[in-house]
Amino acid sequence: MSDVLNFVSVRLDDEKSELIILDQSKLPNEVCFHHYKTKEEIFNAIVTLQVRGAPAIGIAAAYGLYLSVKIHNHVSHTDFFALFKQNKDYLASSRPTAVNLFWALDRMERCLESNKDKSIEEILNFLMIESENIRDEDEAVCLEIGEHTLTLLKAGMGLLTHCNAGTLATAKYGTALAPIYLGQKRGYDFKVFADETRPLLQGARLTAWELNETGIDVTLICDNMASIVMKKGLIDAVLVGCDRVAANGDTANKIGTSNVAILAKHYNIPFYVCAPCSTIDRMTSCGDDIEIELRKGEEITTTWYQKPMAPLNVKTFNPAFDVTDAELITAIITEKGIIYPPYDESIRKLFEKGEQI
Ligand code: MRU
């Protein structure tokens, strides 16, 4: 067993001006860390899912933006601001669905704006601190989500999860997996079922790996086995993370999540979405307005196989995410507490204090 919870999926080494990324595309066969310095390398790490999961993508992008302007510490203020904007737009174009990416980059821009009258050296220092804050706050947020979610669960429960919303996808602990880690310390003895999560197998490669490594009782199933485990009474609750929650509660998460939600409703099993407030996008009114990333067909036909597993040149459709309708979601658990339907109202109340989140 390895100390997975102490593996940091994204870390800044400011002295060396590099970002250290645990390459999730190589797990579970290889634990390999890359050291990246340029915005192109960091962009590529996001696109190729070396770093993935909504919060981790946001953290990587914030660090990436900081590093991308750090090298321009001798230019004029005007040029520095122009480069910042250019690099921000570039990193924002890496993946379209996880709103944490845009949230983190916007937060970096607000930090720039509020320090605009300072020297470039001072501005860079504030940007560095802001990127570290984004990471550190995510760890605290995940713990809060874990605590709130645990209040909905009982010892010995069977839990189903889809994709990977674990420590790898965040600063630490994960969102949907945080209550499982907290529960383990408190003797809850959960029995976790991890969907393999076709086509990129985040459930098999990442969730099954991190839970297994930490000694949690985890059983890997293929995506099309969710119904049978539910019917057999092995699942008491479904816990998933998410990439974007619209203002009405419609939720985008890894492709196949909505199938699980529909099944959960059929079997009368609560379906919980664990979402940091940074994943709630009040500017997107409903799920239809969430841009869904389309990825290459090879991910379905060849990526995991020695030989192609489909006719060459067959047409493919490979959306990376789907939207679970708000009506299928029993509750959304944020760091600020648990919210229930109607979500348009509960989401509005969650942000009522007017804080900029
Ligand atoms: O394509 P991925 O692996 O980045 O998709 C990740 C997910 O769908 C996760 O469930 C989501 O980002 C939540 S991570 C806490």
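Note that these values count all heavy atoms, side chains included, but never hydrogens, waters or copies made by symmetry. Counting convention: from 1, in listed order, for ligands and their atoms alike. Start at 1 with the first residue, then count along the sequence.
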Is any N or O atom of [X], backbone or side chain, closer than 3.5 Å to an N or O atom of ligand 1?
| X | result |
| --- | --- |
| Q202 | yes |
| A54 | yes |
| R52 | yes |
| A169 | no |

If we set the cut-off at 4.0 Å for heavy atoms, which region of [X] has an atom near ligand 1: side chain, backbone, both, or neither?
| X | value |
| --- | --- |
| N164 | backbone |
| C242 | backbone |
| H162 | neither |
| A165 | both |

query = Are the charged groups of E147 and R186 less than 4.0 angstrom apart, N to O?
reply = yes
Please identify which atoms of ligand 1 are closer than 4.0 Å to at least one heavy atom of [X].
| X | result |
| --- | --- |
| N253 | 7 (C), 8 (O), 9 (C), 10 (O), 11 (C) |
| K254 | 1 (O), 2 (P), 5 (O), 8 (O) |
| T175 | 15 (C) |

From [atom1] ([X]) to [atom2] ([Y]), nearest 0.5 Å:
| X | Y | atom1 | atom2 | value |
| --- | --- | --- | --- | --- |
| L67 | K37 | CG | NZ | 8.5 Å |
| Q24 | N164 | CD | CG | 6.5 Å |
| K16 | I20 | NZ | CD1 | 7.0 Å |
| I57 | I42 | CD1 | CD1 | 14.0 Å |

query = Which residue from R244, R95, Q24 reaches closest to atom 2 (P) of ligand 1 through any of its heavy atoms?
reply = R95
message = Looking at D250 and A326, would you say the former's side chain and the latter's main chain have a donor-acceptor pair under 3.5 Å?
response = yes
key: Donor on one side chain, acceptor on other, T48 and Q50, under 3.5 Å   = yes
message = Can a side-chain donor-acceptor contact be found between S258 and D322 if the only test is distance below 3.5 angstrom?
response = yes
inquiry  = Can you tell me if P55 contacts ligand 1 (heavy atom of the residue under 4.0 Å from the ligand)?
reply    = yes
key: Protein residue, atom and distance nearest to atom 7 (C) of ligand 1, heavy-atom basis   = D243 OD1, 3.2 Å
inquiry  = Going by side-chain contact (heavy atoms from CB on, under 4.5 Å), I338 matches just one of I332, T330, T149, T151. Which one?
reply    = T151
